[in-house]
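All chains are named by letter (A, B, ...) in the order of the sequence lines, taking the proteins before the strands, and each is independently numbered beginning at 1.
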Amino acid sequence: MTWTADQPIVKIFDVHKSFGKTEVLKGVSMDVAAGEVVCIIGPSGSGKSTLLRCINALAVIDQGSVQVEGQEVHDPDLDQLALRRKVGMVFQQYNLFPHKTALQNVMMAPLHVLGEKRGDVEARARELMRKVRLAGKENHYPGELSGGQQQRVAIARSLAMRPDIMLFDEVTAALDPETVKEVLVTIRDLALEGMTCILVTHEMGFAREVADHVYFTDHGVIVEHGPPEILFSQPQDPRTKEFLSHVL
Amino acid sequence: MTQSLLRRWILLLPLVSLVLALPHEALAAPGQPGILASLLKWTPLIFKGFLLNLLASVLSMALGTLFGAFLGLAQISPNRLVAKSAWAVTQFFRNAPWLVLLFYTVLLIPFEIGISGGVIPLPDTAKAILGLALPVMGNVSEIVRGAVQSVPSGQWESAQALAFTRRQTLWMIILPQCLKRMLPPWMNLYAVLTMATPLISIVGVEEAMTMTRAALAAENRSELLVPMYGMLLVWFYLYCAPIAAWTKRLEMRFGVKA
(Lines give C-alpha, C1' and ligand atoms only; values in the text may rest on other atoms or scores of the structure.)
Protein backbone atom coordinates (compact mmCIF):
# COMPACT_ATOMS: atom_id res chain seq x y z
CA MET A 1 0.00 0.00 0.00
CA THR A 2 1.51 3.27 -1.01
CA TRP A 3 0.51 6.47 0.63
CA THR A 4 -0.76 9.38 -1.42
CA ALA A 5 -1.26 12.92 -0.25
CA ASP A 6 -5.04 12.69 -0.37
CA GLN A 7 -4.99 10.12 2.44
CA PRO A 8 -4.51 11.15 6.05
CA ILE A 9 -0.84 11.92 6.71
CA VAL A 10 -1.28 10.73 10.28
CA LYS A 11 -3.75 7.98 10.99
CA ILE A 12 -4.25 6.97 14.60
CA PHE A 13 -6.59 4.09 15.30
CA ASP A 14 -7.73 2.65 18.62
CA VAL A 15 -4.46 3.41 20.42
CA HIS A 16 -4.04 2.07 23.94
CA LYS A 17 -1.12 2.90 26.17
CA SER A 18 -0.45 2.22 29.83
CA PHE A 19 2.26 3.32 32.21
CA GLY A 20 2.36 0.51 34.74
CA LYS A 21 -1.22 0.07 35.91
CA THR A 22 -2.38 3.46 34.72
CA GLU A 23 -3.97 3.40 31.32
CA VAL A 24 -3.37 6.83 29.82
CA LEU A 25 -4.77 6.21 26.34
CA LYS A 26 -7.92 4.13 26.13
CA GLY A 27 -8.62 3.66 22.47
CA VAL A 28 -7.85 6.94 20.74
CA SER A 29 -8.47 7.45 17.03
CA MET A 30 -7.67 10.51 14.95
CA ASP A 31 -6.99 11.34 11.32
CA VAL A 32 -4.89 14.31 10.28
CA ALA A 33 -4.82 15.44 6.67
CA ALA A 34 -1.68 16.86 5.08
CA GLY A 35 -1.47 20.60 5.64
CA GLU A 36 -3.99 20.49 8.44
CA VAL A 37 -3.49 22.17 11.80
CA VAL A 38 -4.86 20.09 14.63
CA CYS A 39 -5.02 21.17 18.25
CA ILE A 40 -5.45 18.73 21.10
CA ILE A 41 -6.89 20.30 24.21
CA GLY A 42 -8.01 18.90 27.51
CA PRO A 43 -7.23 18.80 31.22
CA SER A 44 -3.74 17.86 32.44
CA GLY A 45 -3.14 14.15 32.62
CA SER A 46 -5.65 13.35 29.91
CA GLY A 47 -2.97 11.68 27.76
CA LYS A 48 -2.42 14.50 25.25
CA SER A 49 1.36 14.52 25.37
CA THR A 50 1.55 10.75 25.33
CA LEU A 51 -0.58 10.68 22.20
CA LEU A 52 1.81 13.12 20.53
CA ARG A 53 4.82 11.00 21.49
CA CYS A 54 3.25 7.93 19.93
CA ILE A 55 3.40 9.65 16.56
CA ASN A 56 7.21 9.82 16.42
CA ALA A 57 7.72 6.63 18.43
CA LEU A 58 9.09 8.38 21.52
CA ALA A 59 6.39 6.41 23.31
CA VAL A 60 5.55 2.84 22.36
CA ILE A 61 1.86 1.94 22.14
CA ASP A 62 0.44 -1.23 23.64
CA GLN A 63 -2.35 -1.76 21.16
CA GLY A 64 -3.81 -0.13 18.07
CA SER A 65 -2.14 1.50 15.12
CA VAL A 66 -0.35 4.74 14.30
CA GLN A 67 0.46 5.38 10.65
CA VAL A 68 2.55 8.24 9.34
CA GLU A 69 2.40 8.63 5.57
CA GLY A 70 1.01 5.14 5.35
CA GLN A 71 3.78 3.57 7.42
CA GLU A 72 2.99 1.77 10.63
CA VAL A 73 5.01 3.52 13.36
CA HIS A 74 4.95 0.58 15.72
CA ASP A 75 6.07 -2.02 13.24
CA PRO A 76 9.18 -3.53 14.85
CA ASP A 77 10.91 -3.43 11.45
CA LEU A 78 10.23 0.26 10.99
CA ASP A 79 13.24 2.50 10.50
CA GLN A 80 12.62 4.79 13.47
CA LEU A 81 15.24 7.26 12.32
CA ALA A 82 13.57 7.59 8.93
CA LEU A 83 10.28 8.29 10.67
CA ARG A 84 11.83 10.93 12.93
CA ARG A 85 13.41 12.66 9.96
CA LYS A 86 9.88 13.26 8.68
CA VAL A 87 8.32 14.24 12.00
CA GLY A 88 9.70 17.24 13.87
CA MET A 89 8.94 17.80 17.52
CA VAL A 90 9.15 20.81 19.80
CA PHE A 91 9.03 20.35 23.58
CA GLN A 92 7.68 22.33 26.49
CA GLN A 93 11.19 22.72 27.97
CA TYR A 94 12.84 23.66 24.59
CA ASN A 95 15.64 21.13 25.25
CA LEU A 96 18.20 23.06 23.25
CA PHE A 97 21.73 21.70 23.47
CA PRO A 98 23.32 24.09 25.98
CA HIS A 99 26.90 23.56 24.78
CA LYS A 100 26.10 24.73 21.25
CA THR A 101 25.20 28.16 19.92
CA ALA A 102 21.74 28.82 18.49
CA LEU A 103 23.03 28.38 14.94
CA GLN A 104 24.90 25.19 15.82
CA ASN A 105 21.75 23.84 17.43
CA VAL A 106 19.90 24.38 14.18
CA MET A 107 22.71 22.94 12.06
CA MET A 108 23.59 19.81 14.01
CA ALA A 109 20.89 17.41 12.85
CA PRO A 110 21.04 18.22 9.12
CA LEU A 111 24.83 17.93 9.26
CA HIS A 112 25.14 14.73 11.22
CA VAL A 113 21.81 12.99 10.68
CA LEU A 114 21.14 13.90 7.06
CA GLY A 115 24.82 14.23 6.19
CA GLU A 116 24.29 17.38 4.16
CA LYS A 117 27.01 19.80 3.10
CA ARG A 118 27.99 22.36 5.70
CA GLY A 119 27.61 25.30 3.34
CA ASP A 120 24.05 24.38 2.39
CA VAL A 121 23.10 23.63 5.97
CA GLU A 122 24.50 26.88 7.25
CA ALA A 123 22.68 28.91 4.62
CA ARG A 124 19.44 27.17 5.48
CA ALA A 125 20.01 27.55 9.21
CA ARG A 126 20.61 31.29 8.86
CA GLU A 127 17.47 31.58 6.78
CA LEU A 128 15.50 29.70 9.46
CA MET A 129 16.88 31.98 12.16
CA ARG A 130 15.54 34.92 10.18
CA LYS A 131 12.25 33.14 9.75
CA VAL A 132 11.79 32.71 13.49
CA ARG A 133 12.79 36.38 13.84
CA LEU A 134 16.09 35.67 15.58
CA ALA A 135 18.55 37.07 13.04
CA GLY A 136 21.53 38.38 15.00
CA LYS A 137 21.21 35.78 17.75
CA GLU A 138 23.01 33.05 15.78
CA ASN A 139 26.07 33.00 17.99
CA HIS A 140 24.26 33.21 21.31
CA TYR A 141 24.21 30.19 23.59
CA PRO A 142 20.81 28.96 24.79
CA GLY A 143 21.59 30.21 28.31
CA GLU A 144 21.84 33.75 26.93
CA LEU A 145 18.40 33.68 25.31
CA SER A 146 14.96 34.22 26.81
CA GLY A 147 12.51 31.33 27.01
CA GLY A 148 10.58 32.54 23.99
CA GLN A 149 13.76 32.95 21.99
CA GLN A 150 14.97 29.50 22.97
CA GLN A 151 11.67 28.00 21.95
CA ARG A 152 11.89 29.69 18.55
CA VAL A 153 15.41 28.30 18.10
CA ALA A 154 13.96 24.88 18.95
CA ILE A 155 11.35 25.36 16.23
CA ALA A 156 14.04 26.38 13.74
CA ARG A 157 16.13 23.39 14.80
CA SER A 158 13.24 21.09 14.06
CA LEU A 159 12.43 22.79 10.76
CA ALA A 160 16.03 22.44 9.60
CA MET A 161 15.30 18.74 9.10
CA ARG A 162 12.60 19.73 6.58
CA PRO A 163 9.93 17.62 8.26
CA ASP A 164 6.53 16.87 6.74
CA ILE A 165 4.81 17.07 10.10
CA MET A 166 5.48 19.18 13.18
CA LEU A 167 4.48 18.15 16.68
CA PHE A 168 4.22 20.84 19.36
CA ASP A 169 4.01 19.59 22.93
CA GLU A 170 2.69 22.44 25.12
CA VAL A 171 5.40 24.65 23.70
CA THR A 172 4.19 27.81 25.42
CA ALA A 173 3.41 26.31 28.82
CA ALA A 174 6.83 27.18 30.29
CA LEU A 175 6.96 30.70 28.86
CA ASP A 176 6.30 34.12 30.35
CA PRO A 177 3.00 35.52 29.11
CA GLU A 178 4.75 38.26 27.12
CA THR A 179 6.86 35.77 25.16
CA VAL A 180 4.04 33.34 24.44
CA LYS A 181 2.85 35.50 21.59
CA GLU A 182 6.13 35.54 19.68
CA VAL A 183 6.19 31.74 19.69
CA LEU A 184 2.55 31.48 18.64
CA VAL A 185 3.15 33.90 15.78
CA THR A 186 5.98 31.68 14.57
CA ILE A 187 3.75 28.62 14.65
CA ARG A 188 0.93 30.49 12.93
CA ASP A 189 3.28 31.49 10.10
CA LEU A 190 4.22 27.86 9.74
CA ALA A 191 0.59 26.77 9.67
CA LEU A 192 -0.19 29.39 7.03
CA GLU A 193 2.59 27.98 4.86
CA GLY A 194 0.79 24.66 4.85
CA MET A 195 2.89 22.69 7.33
CA THR A 196 1.00 19.85 8.95
CA CYS A 197 0.94 20.78 12.62
CA ILE A 198 -0.31 18.80 15.60
CA LEU A 199 -0.33 20.83 18.79
CA VAL A 200 -1.05 19.98 22.36
CA THR A 201 -1.94 23.33 23.82
CA HIS A 202 -3.64 25.28 26.56
CA GLU A 203 -3.86 28.38 24.38
CA MET A 204 -7.56 28.28 23.51
CA GLY A 205 -7.50 31.59 21.67
CA PHE A 206 -4.72 30.30 19.47
CA ALA A 207 -6.48 26.99 18.85
CA ARG A 208 -9.62 28.84 17.86
CA GLU A 209 -7.73 31.12 15.48
CA VAL A 210 -5.33 28.70 13.80
CA ALA A 211 -6.69 25.17 14.11
CA ASP A 212 -8.60 23.41 11.35
CA HIS A 213 -9.72 20.80 13.79
CA VAL A 214 -9.79 20.62 17.58
CA TYR A 215 -9.82 17.46 19.67
CA PHE A 216 -10.91 17.51 23.29
CA THR A 217 -9.45 14.65 25.35
CA ASP A 218 -10.25 13.61 28.88
CA HIS A 219 -9.11 10.55 30.82
CA GLY A 220 -7.46 8.92 27.84
CA VAL A 221 -10.32 9.20 25.37
CA ILE A 222 -11.35 11.73 22.76
CA VAL A 223 -14.55 13.13 24.12
CA GLU A 224 -15.42 15.37 21.24
CA HIS A 225 -13.84 16.90 18.16
CA GLY A 226 -14.71 19.25 15.40
CA PRO A 227 -13.82 22.54 13.74
CA PRO A 228 -12.96 25.15 16.37
CA GLU A 229 -15.87 27.45 15.60
CA ILE A 230 -18.26 24.62 16.44
CA LEU A 231 -16.39 22.93 19.28
CA PHE A 232 -15.79 26.17 21.14
CA SER A 233 -19.24 27.72 20.64
CA GLN A 234 -21.50 24.68 20.68
CA PRO A 235 -19.81 21.94 22.71
CA GLN A 236 -22.04 18.89 22.97
CA ASP A 237 -20.53 16.77 25.73
CA PRO A 238 -20.95 17.97 29.33
CA ARG A 239 -17.24 17.30 29.97
CA THR A 240 -16.25 19.60 27.12
CA LYS A 241 -18.67 22.25 28.36
CA GLU A 242 -17.29 22.03 31.86
CA PHE A 243 -13.64 22.22 30.68
CA LEU A 244 -14.33 25.15 28.36
CA SER A 245 -16.21 27.01 31.05
CA HIS A 246 -13.00 26.93 33.11
CA VAL A 247 -10.54 27.94 30.45
CA LEU A 248 -12.42 30.33 28.18
CA MET B 1 43.23 34.92 44.34
CA THR B 2 45.35 32.16 42.88
CA GLN B 3 48.38 34.39 43.14
CA SER B 4 47.99 35.04 46.84
CA LEU B 5 47.19 31.40 47.55
CA LEU B 6 50.24 30.30 45.66
CA ARG B 7 52.42 32.72 47.55
CA ARG B 8 51.08 31.42 50.83
CA TRP B 9 51.95 27.86 49.87
CA ILE B 10 55.43 28.76 48.83
CA LEU B 11 55.95 30.57 52.10
CA LEU B 12 54.61 27.59 53.96
CA LEU B 13 57.25 25.17 52.72
CA PRO B 14 60.35 26.51 54.50
CA LEU B 15 58.24 27.59 57.43
CA VAL B 16 56.87 24.15 58.13
CA SER B 17 60.24 22.55 57.56
CA LEU B 18 61.79 24.98 60.00
CA VAL B 19 59.14 24.42 62.65
CA LEU B 20 59.59 20.70 62.32
CA ALA B 21 63.35 20.89 62.23
CA LEU B 22 64.11 23.50 64.90
CA PRO B 23 63.23 21.64 68.08
CA HIS B 24 65.31 18.80 66.77
CA GLU B 25 68.22 20.96 65.79
CA ALA B 26 69.24 21.23 69.45
CA LEU B 27 69.15 17.48 69.69
CA ALA B 28 71.83 17.00 67.08
CA ALA B 29 74.72 15.36 68.87
CA PRO B 30 78.02 17.26 68.89
CA GLY B 31 80.29 16.35 66.04
CA GLN B 32 77.37 15.47 63.74
CA PRO B 33 75.93 17.63 60.93
CA GLY B 34 72.84 19.69 61.79
CA ILE B 35 69.33 18.52 60.97
CA LEU B 36 68.93 20.89 58.03
CA ALA B 37 72.25 19.85 56.59
CA SER B 38 71.21 16.21 56.80
CA LEU B 39 67.86 16.97 55.16
CA LEU B 40 69.61 18.78 52.34
CA LYS B 41 72.03 15.93 51.91
CA TRP B 42 69.25 13.41 51.34
CA THR B 43 66.89 15.72 49.48
CA PRO B 44 68.07 14.85 45.92
CA LEU B 45 67.61 11.15 46.51
CA ILE B 46 64.23 11.45 48.21
CA PHE B 47 63.07 13.94 45.61
CA LYS B 48 63.92 11.46 42.89
CA GLY B 49 61.67 9.02 44.70
CA PHE B 50 59.02 11.72 44.95
CA LEU B 51 59.13 12.19 41.19
CA LEU B 52 58.42 8.48 40.89
CA ASN B 53 55.34 8.99 43.08
CA LEU B 54 54.18 11.70 40.71
CA LEU B 55 54.92 9.55 37.67
CA ALA B 56 53.01 6.66 39.20
CA SER B 57 50.09 8.96 39.99
CA VAL B 58 49.95 10.29 36.43
CA LEU B 59 50.22 6.86 34.81
CA SER B 60 47.74 5.21 37.19
CA MET B 61 45.33 8.08 36.60
CA ALA B 62 45.68 7.82 32.82
CA LEU B 63 45.22 4.07 32.84
CA GLY B 64 42.39 4.16 35.37
CA THR B 65 40.64 6.94 33.47
CA LEU B 66 40.85 5.03 30.19
CA PHE B 67 39.46 1.80 31.68
CA GLY B 68 37.02 3.68 33.88
CA ALA B 69 35.60 5.64 30.95
CA PHE B 70 34.85 2.42 29.12
CA LEU B 71 33.40 0.85 32.24
CA GLY B 72 31.27 3.91 32.93
CA LEU B 73 29.89 3.92 29.41
CA ALA B 74 29.21 0.19 29.73
CA GLN B 75 27.22 0.96 32.87
CA ILE B 76 24.78 3.06 30.84
CA SER B 77 24.59 0.58 27.97
CA PRO B 78 21.07 -0.26 26.79
CA ASN B 79 22.19 -3.89 26.89
CA ARG B 80 21.18 -4.93 30.39
CA LEU B 81 23.75 -7.68 30.70
CA VAL B 82 26.57 -5.32 29.79
CA ALA B 83 25.22 -2.65 32.14
CA LYS B 84 24.81 -5.06 35.07
CA SER B 85 28.26 -6.58 34.62
CA ALA B 86 29.88 -3.17 34.37
CA TRP B 87 28.01 -2.10 37.48
CA ALA B 88 29.24 -5.15 39.39
CA VAL B 89 32.87 -4.61 38.33
CA THR B 90 32.62 -0.94 39.24
CA GLN B 91 31.21 -1.66 42.67
CA PHE B 92 33.86 -4.29 43.33
CA PHE B 93 36.79 -2.02 42.59
CA ARG B 94 35.27 1.04 44.21
CA ASN B 95 34.70 -0.71 47.48
CA ALA B 96 37.96 -2.63 47.75
CA PRO B 97 40.79 -1.35 49.99
CA TRP B 98 43.49 0.12 47.79
CA LEU B 99 46.31 -1.61 49.60
CA VAL B 100 44.71 -5.03 49.24
CA LEU B 101 44.13 -4.42 45.54
CA LEU B 102 47.74 -3.38 45.20
CA PHE B 103 49.06 -6.54 46.87
CA TYR B 104 46.68 -8.65 44.90
CA THR B 105 47.77 -7.19 41.57
CA VAL B 106 51.46 -7.43 42.35
CA LEU B 107 51.16 -11.05 43.47
CA LEU B 108 48.77 -12.09 40.73
CA ILE B 109 50.71 -10.75 37.76
CA PRO B 110 53.86 -12.73 36.91
CA PHE B 111 57.20 -10.89 36.91
CA GLU B 112 57.47 -11.45 33.17
CA ILE B 113 55.24 -12.53 30.34
CA GLY B 114 56.23 -14.41 27.23
CA ILE B 115 54.69 -13.26 24.00
CA SER B 116 55.53 -15.12 20.79
CA GLY B 117 58.98 -16.15 21.90
CA GLY B 118 59.99 -12.82 23.39
CA VAL B 119 59.87 -12.14 27.10
CA ILE B 120 58.52 -8.89 28.45
CA PRO B 121 59.63 -8.23 32.01
CA LEU B 122 57.03 -6.68 34.28
CA PRO B 123 58.79 -4.66 36.96
CA ASP B 124 57.09 -4.10 40.29
CA THR B 125 56.63 -0.46 39.44
CA ALA B 126 54.52 -1.31 36.41
CA LYS B 127 52.46 -3.77 38.41
CA ALA B 128 52.01 -1.25 41.22
CA ILE B 129 50.82 1.37 38.74
CA LEU B 130 48.29 -1.12 37.44
CA GLY B 131 47.29 -1.95 41.00
CA LEU B 132 46.54 1.69 41.73
CA ALA B 133 44.77 2.11 38.40
CA LEU B 134 42.11 -0.43 39.42
CA PRO B 135 40.42 1.59 42.17
CA VAL B 136 40.80 4.68 39.98
CA MET B 137 38.96 2.79 37.25
CA GLY B 138 36.08 1.98 39.61
CA ASN B 139 35.80 5.58 40.73
CA VAL B 140 36.07 7.06 37.23
CA SER B 141 33.38 4.64 36.08
CA GLU B 142 31.04 6.05 38.70
CA ILE B 143 31.97 9.63 37.82
CA VAL B 144 31.13 8.97 34.16
CA ARG B 145 27.87 7.19 34.96
CA GLY B 146 26.78 9.86 37.41
CA ALA B 147 27.60 12.70 35.00
CA VAL B 148 25.75 11.09 32.08
CA GLN B 149 22.72 10.41 34.23
CA SER B 150 22.71 13.95 35.56
CA VAL B 151 22.00 15.30 32.07
CA PRO B 152 18.24 16.00 31.85
CA SER B 153 16.30 13.33 29.95
CA GLY B 154 14.92 16.08 27.70
CA GLN B 155 18.32 16.23 26.03
CA TRP B 156 18.05 12.58 25.04
CA GLU B 157 14.47 13.04 23.91
CA SER B 158 15.08 16.04 21.71
CA ALA B 159 18.08 14.31 20.14
CA GLN B 160 15.93 11.25 19.52
CA ALA B 161 13.22 13.37 17.98
CA LEU B 162 15.85 14.84 15.62
CA ALA B 163 16.72 11.29 14.49
CA PHE B 164 20.16 11.16 16.10
CA THR B 165 21.29 7.62 16.82
CA ARG B 166 22.01 6.65 20.39
CA ARG B 167 25.74 6.70 19.72
CA GLN B 168 25.60 10.15 18.11
CA THR B 169 23.48 11.45 20.97
CA LEU B 170 25.97 10.17 23.52
CA TRP B 171 29.10 11.48 21.82
CA MET B 172 27.85 14.74 20.33
CA ILE B 173 25.23 15.87 22.81
CA ILE B 174 25.46 14.14 26.17
CA LEU B 175 29.19 13.61 26.81
CA PRO B 176 30.28 17.14 25.84
CA GLN B 177 27.88 18.43 28.48
CA CYS B 178 29.29 15.94 30.97
CA LEU B 179 32.95 16.94 30.70
CA LYS B 180 32.45 19.99 32.87
CA ARG B 181 30.56 18.00 35.47
CA MET B 182 33.20 15.28 35.49
CA LEU B 183 36.25 17.49 35.83
CA PRO B 184 36.00 18.47 39.52
CA PRO B 185 35.40 14.93 40.90
CA TRP B 186 38.06 13.60 38.54
CA MET B 187 40.63 16.10 39.80
CA ASN B 188 39.65 15.31 43.33
CA LEU B 189 40.24 11.65 42.64
CA TYR B 190 43.65 12.48 41.22
CA ALA B 191 44.64 14.29 44.42
CA VAL B 192 43.48 11.34 46.51
CA LEU B 193 45.41 8.97 44.24
CA THR B 194 48.60 11.03 44.54
CA MET B 195 48.34 10.97 48.31
CA ALA B 196 47.92 7.19 48.14
CA THR B 197 51.04 6.58 46.02
CA PRO B 198 53.33 5.96 49.04
CA LEU B 199 51.38 2.70 49.35
CA ILE B 200 53.46 1.30 46.51
CA SER B 201 56.56 1.46 48.74
CA ILE B 202 55.14 -1.61 50.48
CA VAL B 203 55.43 -3.66 47.32
CA GLY B 204 59.02 -2.62 46.81
CA VAL B 205 58.84 0.41 44.54
CA GLU B 206 61.63 2.87 45.31
CA GLU B 207 59.52 5.96 45.67
CA ALA B 208 59.82 8.80 48.17
CA MET B 209 58.67 6.79 51.16
CA THR B 210 61.12 3.97 50.50
CA MET B 211 63.91 6.49 49.99
CA THR B 212 63.11 8.33 53.19
CA ARG B 213 63.20 5.11 55.14
CA ALA B 214 66.47 4.14 53.48
CA ALA B 215 67.98 7.51 54.34
CA LEU B 216 66.81 7.22 57.91
CA ALA B 217 68.24 3.75 58.19
CA ALA B 218 71.57 4.96 56.82
CA GLU B 219 71.71 7.90 59.24
CA ASN B 220 70.40 5.89 62.17
CA ARG B 221 69.58 9.10 64.08
CA SER B 222 66.20 9.21 65.75
CA GLU B 223 66.12 13.04 65.78
CA LEU B 224 65.89 12.94 61.95
CA LEU B 225 62.63 10.91 61.90
CA VAL B 226 60.18 13.75 62.37
CA PRO B 227 61.88 16.33 60.12
CA MET B 228 62.35 13.88 57.28
CA TYR B 229 58.83 12.57 57.25
CA GLY B 230 57.73 16.15 57.78
CA MET B 231 59.55 17.21 54.65
CA LEU B 232 57.74 14.49 52.70
CA LEU B 233 54.40 15.63 54.08
CA VAL B 234 55.11 19.17 52.99
CA TRP B 235 55.98 18.08 49.47
CA PHE B 236 52.77 16.13 49.10
CA TYR B 237 50.83 18.99 50.59
CA LEU B 238 52.35 21.49 48.18
CA TYR B 239 51.48 19.27 45.25
CA CYS B 240 47.98 18.25 46.26
CA ALA B 241 46.58 21.32 47.98
CA PRO B 242 46.60 23.52 44.85
CA ILE B 243 44.76 20.78 42.99
CA ALA B 244 42.13 20.69 45.72
CA ALA B 245 41.81 24.48 45.65
CA TRP B 246 41.55 24.54 41.88
CA THR B 247 38.92 21.79 42.00
CA LYS B 248 36.91 23.84 44.44
CA ARG B 249 37.06 26.86 42.17
CA LEU B 250 35.96 24.83 39.17
CA GLU B 251 33.11 23.38 41.18
CA MET B 252 31.96 26.85 42.15
CA ARG B 253 32.25 28.14 38.62
CA PHE B 254 30.38 25.25 37.04
CA GLY B 255 27.90 25.16 39.90
CA VAL B 256 26.97 28.77 39.28
CA LYS B 257 26.78 28.30 35.52
CA ALA B 258 24.64 25.15 35.63
Side-chain angles (χ1 to χ4, degrees), chain A residues 49 52-60 78-100 104-115 141-144 150-151 153-163 165-171 174, chain B residues 65 69 72-73 76-83 140 143-187 246-247 249-258:
Chain A
S49 291
L52 214 56
R53 282 154 186 267
C54 292
I55 299 173
N56 66 348
L58 278 189
V60 180
L78 170 91
D79 182 354
Q80 277 193 348
L81 300 180
L83 168 78
R84 290 177 183 152
R85 287 197 285 268
K86 287 189 293 204
V87 184
M89 187 166 193
V90 184
F91 299 84
Q92 182 177 344
Q93 294 297 340
Y94 344 126
N95 298 341
L96 291 180
F97 306 134
H99 59 302
K100 299 278 181 184
Q104 288 169 336
N105 263 279
V106 178
M107 289 174 64
M108 262 183 100
L111 274 181
H112 301 292
V113 174
L114 302 179
Y141 283 89
E144 302 164 345
Q150 289 190 58
Q151 194 59 292
V153 174
I155 293 172
R157 178 175 70 170
S158 217
L159 289 175
M161 292 291 282
R162 287 191 275 225
I165 303 160
M166 285 288 285
L167 309 176
F168 296 91
D169 188 6
E170 300 194 29
V171 292
Chain B
T65 301
L73 291 177
I76 51 160
S77 163
N79 181 325
R80 288 186 61 161
L81 187 70
V82 171
V140 168
I143 291 172
V144 171
R145 185 197 58 78
V148 169
Q149 289 183 346
S150 74
V151 174
S153 63
Q155 292 287 312
W156 285 95
E157 277 192 339
S158 61
Q160 259 182 305
L162 286 165
F164 281 99
T165 63
R166 194 190 146 79
R167 183 176 292 250
Q168 284 176 321
T169 307
L170 191 62
W171 288 97
M172 296 172 145
I173 293 155
I174 305 298
L175 287 177
Q177 296 184 47
C178 289
L179 284 181
K180 264 191 203 169
R181 296 166 206 244
M182 289 191 285
L183 197 57
W186 182 81
M187 284 168 57
W246 191 21
T247 308
R249 279 186 40 201
L250 284 178
E251 266 171 355
M252 275 165 62
R253 219 175 79 200
F254 295 159
V256 168
K257 254 194 150 179

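- Looking at heavy atoms from C-beta onward, M108(A) lies out of side-chain contact with L162(B) at the 4.5 angstrom threshold.
- For chain B, no part of V90(A) is nearby; none of its heavy atoms comes within less than 4.5 Å.
- No side-chain donor-acceptor contact under 3.5 Å links N56(A) to the backbone of A161(B).
- With a 4.5 angstrom heavy-atom cutoff, R157(A) touches chain B via backbone and side-chain atoms both.
- A donor-acceptor pair under 3.5 Å links the side-chain atoms of Q168(B) to the main chain of H112(A), judged by distance alone.
- Of the two parts of L167(A), neither the backbone nor the side chain holds a non-hydrogen atom closer than 4.5 Å to a non-hydrogen atom of chain B.
- The shortest non-hydrogen separation linking F97(A) to S158(B) is CE2-OG, 3.5 Å.
- Looking at Q160(B), its side chain never comes within 3.5 Å of a backbone N or O of L81(A) through a donor-acceptor pair.
- Under the 3.5 Å distance criterion, the side-chain polar atoms of H99(A) are matched with a main-chain donor or acceptor of M172(B).
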